[in-house]
There are 2 protein chains.
Amino acid sequence: MSSQDLANFVGVNSWQIRKDFSYFGGFGTRGVGYDTRKLTKQISKILKLDVVRKAALVGVGNLGSAVLAYPGFKMFGFEIAAAFDINSKKVGRKIKDIKIEDVSRLRTLKKRKINLAIIAVPGDAAQQTADSLVKAGVRGILNFSPCYLAMPKNVKVITTDIAMDLARLPYYMPTS
Amino acid sequence: MSSQDLANFVGVNSWQIRKDFSYFGGFGTRGVGYDTRKLTKQISKILKLDVVRKAALVGVGNLGSAVLAYPGFKMFGFEIAAAFDINSKKVGRKIKDIKIEDVSRLRTLKKRKINLAIIAVPGDAAQQTADSLVKAGVRGILNFSPCYLAMPKNVKVITTDIAMDLARLPYYMPTS
DNA sequence: CTATGTGAATTTATTCACAGCA
DNA sequence: TGCTGTGAATAAATTCACATAG
């Protein structure tokens with residue numbers, strides 16, 4: 001498959017594909033193109049997606065439940081291996097083979113070798129949740145709360161807010 | 001409030017704040033700083049977030065339900081004004097004052113002055129859903145399906161995938 | 001005196017064009 | 001001959017430093 005083909009798939013130019021790949025080495029064969037099977041493996045390795053990783057979910061509300069039910073994680077080698085909530089009525093319940101635990105048990109994450117977490121709690125609880133996660137050894141946080149999280153810099157945080165994503169649209173839309 | 005204060009809030013440098021603002025004009029007062037009230041209004045106008053906008057949701061599964069329940073939209077002046085699903089068991093049901101309609105009724109969006117939509121359907125239905133939306137006059141789409149949508153270029157699409165967001169974390173995390 | 005706004009310097013990213021390998 | 005990989009050229013973004021307004 002040529003860089004032109006790849007470019008068509010993702011909507012960029014062919015030279016962007018080639019230049020980007022070149023920063024990590026030569027992935028293709030001149031005159032032929034790229035072996036997509038090899039390419040996928042190499043990129044997975046670069047992005048550190050070549051091992052199965054366990055992640056914890058904190059906050060099993062509407063959004064958290066949707067996260068638990070989302071089938072797309074295994075495509076990237078992720079497994080939601082634990083779920084936590086502060087609501088005692090939810091604790092103990094099972095969703096998709098995951099038993100919901102009390103947030104006090106977040107400290108067990110280190111022993112369980114879970115160093116990724118998804119925060120889906122109300123905004124005013126996000127910072128303290130994040131602090132607990134870091135204490136428990138978590139090094140990467142996907143934050144669905146619409147707020148900035150102050151974190152030590154050895155912890156990577158990605159914040160994503162549905163409403164803010166929607167808010168980006170009007171700017172690019174024609175006329176009112 | 002000074003550019004330094006604003007910078008601290010969002011975790012960037014003060015000159016980045018000032019430079020970015022300067023591209024749109026002088027928002028502050030020398031020696032004093034920025035009037036946050038005015039600033040918010042001016043930025044809202046630039047981002048076209050100064051009017052209330054109606055959006056439609058397509059796909060009321062786990063993720064769609066979470067979207068309907070999400071309280072954060074009104075902060076940006078959005079209102080989820082309609083919800084659609086293909087499942088006849090869901091059609092007619094009410095969630096948060098929104099009655100779920102059959103997808104065949106997507107064509108009514110133009111009359112209802114709704115030109116923003118959120119797609120939360122399975123990946124294999126995303127493209128045709130998007131096509132229907134465009135036919136109905138929608139000009140901005142927030143796409144939660146993990147796939148590229150081919151669209152006329154007067155339609156702005158923002159695709160966001162929970163799993164892909166999570167997948168960005170390992171690259172930045174230290175060791176293994 | 002203080003904090004903005006902005007030219008100038010620097011760094012980074014994008015685009016081009018083609019040498020070089022299969 | 002065809003398509004990659006990459007230097008060189010161009011464009012854009014970031015950072016600096018300071019004149020200037022309040």
Side-chain angles (χ1 to χ4, degrees), chain A residues 1-50 148-151 153-154 156-160 164-165 167-173, chain B residues 1-50 148-151 153 156-160 164-165 167-174:
Chain A
M1 177 168 282
S2 72
S3 55
Q4 185 58 63
D5 297 331
L6 291 165
N8 291 339
F9 270 106
V10 294
V12 298
N13 300 98
S14 62
W15 65 74
Q16 290 176 314
I17 296 280
R18 294 201 302 279
K19 177 62 96 177
D20 286 356
F21 286 177
S22 80
Y23 287 121
F24 295 97
F27 293 159
T29 311
R30 292 179 197 232
V32 180
Y34 299 90
D35 177 343
T36 46
R37 195 163 194 78
K38 265 192 210 164
L39 191 60
T40 305
K41 266 199 193 116
Q42 283 171 117
I43 294 176
S44 286
K45 198 164 194 175
I46 291 165
L47 300 179
K48 298 191 188 168
L49 296 173
D50 55 338
Y148 171 77
L149 296 179
M151 286 282 120
K153 62 181 176 305
N154 63 335
K156 176 68 180 177
V157 177
I158 290 178
T159 297
T160 179
M164 201 172 285
D165 287 335
R168 289 169 54 201
L169 286 172
Y171 183 77
Y172 299 98
M173 285 163 55
Chain B
M1 178 168 283
S2 73
S3 56
Q4 184 58 63
D5 297 331
L6 291 165
N8 291 341
F9 270 107
V10 293
V12 297
N13 301 98
S14 62
W15 65 76
Q16 291 176 314
I17 296 280
R18 294 201 302 277
K19 177 61 97 177
D20 287 355
F21 286 177
S22 80
Y23 287 120
F24 296 96
F27 293 160
T29 311
R30 293 181 197 229
V32 179
Y34 299 91
D35 176 343
T36 46
R37 194 163 195 79
K38 266 193 211 164
L39 192 59
T40 305
K41 267 200 192 115
Q42 283 171 117
I43 293 176
S44 286
K45 197 164 195 176
I46 291 166
L47 300 178
K48 298 190 188 170
L49 295 173
D50 54 340
Y148 171 76
L149 295 179
M151 285 282 119
K153 61 181 175 307
K156 175 69 180 176
V157 177
I158 290 178
T159 296
T160 179
M164 200 171 285
D165 287 335
R168 289 169 54 201
L169 286 172
Y171 183 77
Y172 298 98
M173 285 163 55

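Chain identifiers are assigned alphabetically (A, B, ...) following the order of the sequence lines, protein sequences preceding nucleic acid strands; residue numbering begins at 1 within each chain.
Regarding contacts with the backbone of C:dT4, a side-chain N or O of B:S3 is found under 4.0 angstrom from either OP1 or OP2. The shortest distance between the side-chain N/O atoms of A:S2 and the OP1/OP2 oxygens of D:dC3 is not below 4.0 Å. Residue A:R18 places none of its side-chain N or O atoms closer than 4.0 Å to OP1 or OP2 of D:dG5. Contact annotation: B:Y34 does not reach the phosphate of C:dT2 (side-chain N/O to OP1 or OP2, under 4.0 Å).
One distance of note links CE of A:M164 with OG1 of A:T159; it measures 9.0 Å at 0.5 Å rounding. Note that the OG1 atom of A:T40 and the NZ atom of A:K45 stand 14.5 Å from one another [nearest 0.5 Å]. In this structure, NZ in B:K41 is found 15.0 Å from CG in B:L49, a value given to the nearest 0.5 Å.
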Which letter, B, S or -, goes with each nucleotide of nucleotides 7-16 of chain C from 5' to 3', with contact meaning a protein heavy atom under 4.0 Å?
BB-----BBS

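In summary, the side chains of A:Q16 and A:D20 do not present any donor paired with an acceptor at a separation below 3.5 Å, with no hydrogens or angles considered.
Atom pair A:F21:CZ and D:dC3:C1' shows a separation of 14 Å (rounding to whole Å applied). Protein atom CZ of B:F27 is 15 Å distant from nucleotide atom C1' of C:dT6, rounded to whole Å. Between the CD1 atom of B:I17 and the P atom of D:dT14 there is a distance of 12 Å, rounded to whole Å.
Residues meeting the ring pair (Phe, Tyr, Trp, His ring centres under 6.0 Å) test with B:F27, sequence neighbours left out: B:F21.
Panel note: side chain B:D35, backbone B:R37; a donor-acceptor pair is recorded below 3.5 Å. Side chain of A:K48 to main chain of B:M173: a donor-acceptor pair is present (N/O by atom type, distance under 3.5 Å, no hydrogens or angles). At least one donor-acceptor pair under 3.5 Å links the side chain of B:S2 to the backbone N or O of B:D5.
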Can you check nucleotides 19-22 of chain C for protein contacts, nitrogen or oxygen pairs under 3.5 Å, and list what you find?
unit_1	atom_1	unit_2	atom_2	d
C:dG20	N3	A:R30	NH1	3.3

